[in-house]
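Structure record follows, encoded as structure tokens.
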There are 2 protein chains.
Amino acid sequence: MDNRPSSLDWTHIRAFLAVAETGSLSAAARALGLSQPTLGRHIRALEETTGNALFTRSPRGFDLTDLGLALRPQAEAMRAAAQAMELAAAGRDTRTAGPVRLTASVYVAVYLLPPILARLRQDHPEIEIELVPSDRSENLLFHEADIALRMYRPEQLEMVTRHLGDLPLGLYAAPGYLSRKGTPQDFTEILDHDVIGYDRDDRIVRGFRAAGLDVTRDWFPIRCDDQVACWEMTCAGCGIGIAQRVVGEAEPRVVPVLPGAPLPALPVWITAHAATRHTPRVAAVWQALTTGLAPLVS
Amino acid sequence: MDNRPSSLDWTHIRAFLAVAETGSLSAAARALGLSQPTLGRHIRALEETTGNALFTRSPRGFDLTDLGLALRPQAEAMRAAAQAMELAAAGRDTRTAGPVRLTASVYVAVYLLPPILARLRQDHPEIEIELVPSDRSENLLFHEADIALRMYRPEQLEMVTRHLGDLPLGLYAAPGYLSRKGTPQDFTEILDHDVIGYDRDDRIVRGFRAAGLDVTRDWFPIRCDDQVACWEMTCAGCGIGIAQRVVGEAEPRVVPVLPGAPLPALPVWITAHAATRHTPRVAAVWQALTTGLAPLVS
DNA sequence: CATATGATATTCATTTTCGAATGGACAATC
DNA sequence: GATTGTCCATTCGAAAATGAATATCATATG
């Protein structure tokens, strides 16, 4: 019994991916220009080092187990990198063709990125952009995205991060709402108003507490997790909403409320894997994002 | 004759990355557990399929060409994906038998762990323990270890950490030394004594400062980076040394000095990857360490 | 029910790959 | 200037991986 924890053989990983995709050793062998016994040995070797079955065998072919399913995305990421390497090695001037996956908060993706990405598409039409709007925090890791824009400092090893600046926030409301409920003249008066808050995100609550207002989650008459929906409700006159100033000032349906209100500013961080940060594509997108966001942050 | 660049061999890419990082075939061979001729062949094969030189050879080693420089990030991305795959595989390893790699400070590894690991071996003989004593801080991540014991709180995402408690410290000296130089009756009298300090680690200096004694690194007549060597020198009568109480009290060659001295306690943190924390092996070792260390920390 | 098809496992001779050993070149050090 | 250490290139016998051929199984089909 040779329990070897040794690291995985990259050739075996390639075989794993081919079998996973074709569903059979024979088809994978044809695709890779190898023989069926060889592929079988590679898969078996991989299963021996991981200690668990990656496929269920049947006379019809190979099917991924749960473990195999979990491992497949990483293998695909490896192949993507290998393909990029081959491109770079072949046409040595190889530029930036290919996809870049970008994740950002829904809010940023909706209100800030479109003009920046339009400009990027114009300057680098060979780069395809996959935009993943997401407010969950943990989805950027391990190759779910090449670049992430976040409102907090990511703390990961192997990640390159840069603080782009801070997005000032402001309070806004539709004129119709203000004529109905009056316009607060002082920050404390806001307690008598309908403030639109995010449901699970407690940053707003904490922000109010920091400003000296003792409110709880229940105090907000309208709660919604989706920041875009929150903003649309604000624009529609549901109450006073919080928005980034660059967005609020550009929105004709609302007017600023209490411009001097003590609201914090949202930090903006850009993050990429150290491994991919300097590949041409990722570098180009990184550059476009930093320059495009620069005028928006203070 | 031009062999069609069918496609790059992933094993060769791995060799490329190792050589690029180490700067020599020999060092890369050591890192990969292969031989220098093998690495040389891999690189040559890669250069033949791409048709371009990736390194400039010199008797001092291998240097990346511009093309090789351009290819390196993609190779790094591949390895990042491979590491992610290995981590994912390790996180789903259901085997109870096999190795667990454990890292701890040299001091802990020498004086605290042996009985705990002996007990663990007895209870779980199917688990092999690889102990990596190390005082460098950054070596636990990315699967260099499954579990780490540290004297500070690790701050990484994707890591599970738990504070096990604090190890109280005490001052100790050999009777021979004390009869030669006298026994200090007050903490300030310690300035007239030979205190054995760690060389690069400034925690002792800061501890003395916090206690109101203005000392600098040069004040310590014996300095040594190795904590085990420091303690052995203390036991041998070189001066007054600092040790964890559990160690000092159990050592017949020394007696306590100034039991009430205001020394800080060392926090003990146990850490593991979130991905592997709950695999049977890692969980068993985690359990053994927490219960084994519990009576030692206050 | 017999047959054809397409799949995996196994075997074994062949090819490929590997590593120990060796020699030579350069740099640092005494 | 000799010595030592580290590096690369080459050689060659040993070890490992490979693929053609074959056996076997399950299914679909007439």
Side-chain angles (χ1 to χ4, degrees), chain A residues 1-65 67-69 72 75 82, chain B residues 1-50 52-65 67-69 72 82:
Chain A
M1 301 305 165
D2 214 332
N3 267 339
R4 304 209 114 184
S6 64
S7 61
L8 306 175
D9 185 319
W10 287 16
T11 299
H12 295 172
I13 296 177
R14 184 145 99 144
F16 162 79
L17 188 54
V19 175
E21 286 178 340
T22 61
S24 88
L25 295 182
S26 313
R30 285 191 291 272
L32 256 45
L34 297 170
S35 71
Q36 169 255 325
T38 298
L39 271 290
R41 282 185 281 253
H42 286 181
I43 300 301
R44 192 182 339 129
L46 215 48
E47 290 180 321
E48 275 167 14
T49 58
T50 63
N52 294 91
L54 299 171
F55 295 92
T56 55
R57 276 88 169 152
S58 85
R60 272 205 314 282
F62 275 46
D63 266 328
L64 282 171
T65 62
L67 173 59
L69 271 167
R72 182 171 171 173
Chain B
M1 307 328 172
D2 232 25
N3 275 344
R4 276 294 87 202
S6 50
S7 71
L8 303 176
D9 184 321
W10 287 15
T11 300
H12 295 172
I13 297 177
R14 188 148 104 142
F16 162 81
L17 184 56
V19 175
E21 285 181 337
T22 61
S24 88
L25 294 182
S26 310
R30 284 191 292 272
L32 256 44
L34 298 170
S35 72
Q36 169 254 325
T38 297
L39 271 289
R41 283 187 281 252
H42 287 180
I43 299 301
R44 190 169 56 232
L46 214 49
E47 290 179 324
E48 276 166 12
T49 57
T50 66
N52 296 94
L54 299 174
F55 294 93
T56 57
R57 274 87 169 155
S58 86
R60 269 210 315 283
F62 274 47
D63 266 327
L64 282 170
T65 62
L67 176 59
L69 225 47
R72 181 173 171 173

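Side-chain atoms are counted along with the backbone in the values below, which use heavy atoms only and exclude waters and symmetry mates.
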Measuring from [X]:[atom1] to [Y]:[atom2], what's the distance to the nearest 0.5 Å?
X	Y	atom1	atom2	answer
B:N52	B:T49	CG	OG1	10.0 Å
B:L32	B:H42	CG	NE2	9.0 Å
A:H12	A:L54	NE2	CG	12.0 Å
B:L34	B:L39	CG	CG	6.0 Å
A:L64	A:E21	CG	CD	10.0 Å

Subject >> With sequence neighbours excluded, residues passing side chain to side chain donor-acceptor pair (under 3.5 Å) with A:S35 >> reply: A:T38

Original post:
Can you name the residues that form a side chain to side chain donor-acceptor pair (under 3.5 Å) with A:Q36, not counting sequence neighbours?
Top reply: none

Subject >> Of residues 17-30 of chain B, the positions that come close to DNA chain D - non-hydrogen atoms, cut-off under 4.0 Å >> reply: B:S24, B:L25, B:S26, B:R30

Original post:
Taking five pairs at each end, how big is the angle between the two axes of the helix from C:dC1-D:dG30 to C:dC30-D:dG1, to 10°?
Top reply: 20°

Original post:
Picking from A:D63, A:I43, A:L67, A:L46, what satisfies side chain to side chain contact (heavy atoms under 4.5 Å, CB included) with A:F55?
Top reply: A:I43

Original post:
According to a strict under-4.0 Å criterion, is A:R57 in side-chain N/O contact with OP1 or OP2 of C:dA9?
Top reply: yes

Original post:
If you take all heavy atoms of A:A75 and A:I13, which pair is closest and at what distance?
Top reply: CB-CG2, 4.0 Å

Original post:
B:L25 and B:G40: which non-hydrogen atoms are nearest, and at how many Å?
Top reply: CD1-CA, 3.7 Å

Original post:
Closest nucleotide of DNA chain D for A:H12 versus for B:S58: which of these residues is on the 5' side?
Top reply: B:S58

Subject >> Rounded interatomic separation in angstrom, taking CZ from B:F62 and C1' from C:dC26 >> reply: 15 Å

Original post:
Quick one: A:D63 CG to C:dT8 C1', roughly how many Å, whole number?
Top reply: 14 Å

Subject >> Whether over 12 other heavy atoms sit under 6.0 Å from B:R57 CZ >> reply: yes

**OP:** Without swapping roles, check the side chain of B:T22 against the backbone of B:A27 for a donor-acceptor pair under 3.5 Å.
**Re:** no

Original post:
Does the side chain of B:D9 reach to within under 4.5 Å of the side chain of B:F16, using non-hydrogen atoms?
Top reply: no

Original post:
Where along residues 33-45 of chain B does a heavy atom come under 4.0 Å from DNA chain C, residue by residue in number order?
Top reply: B:L34, B:S35, B:P37, B:T38, B:R41, B:H42

Original post:
Just the endpoints, please: which first and last nucleotides of DNA chain D, 5' to 3', lie under 4.0 Å from a heavy atom of chain A?
Top reply: D:dT18 to D:dA26

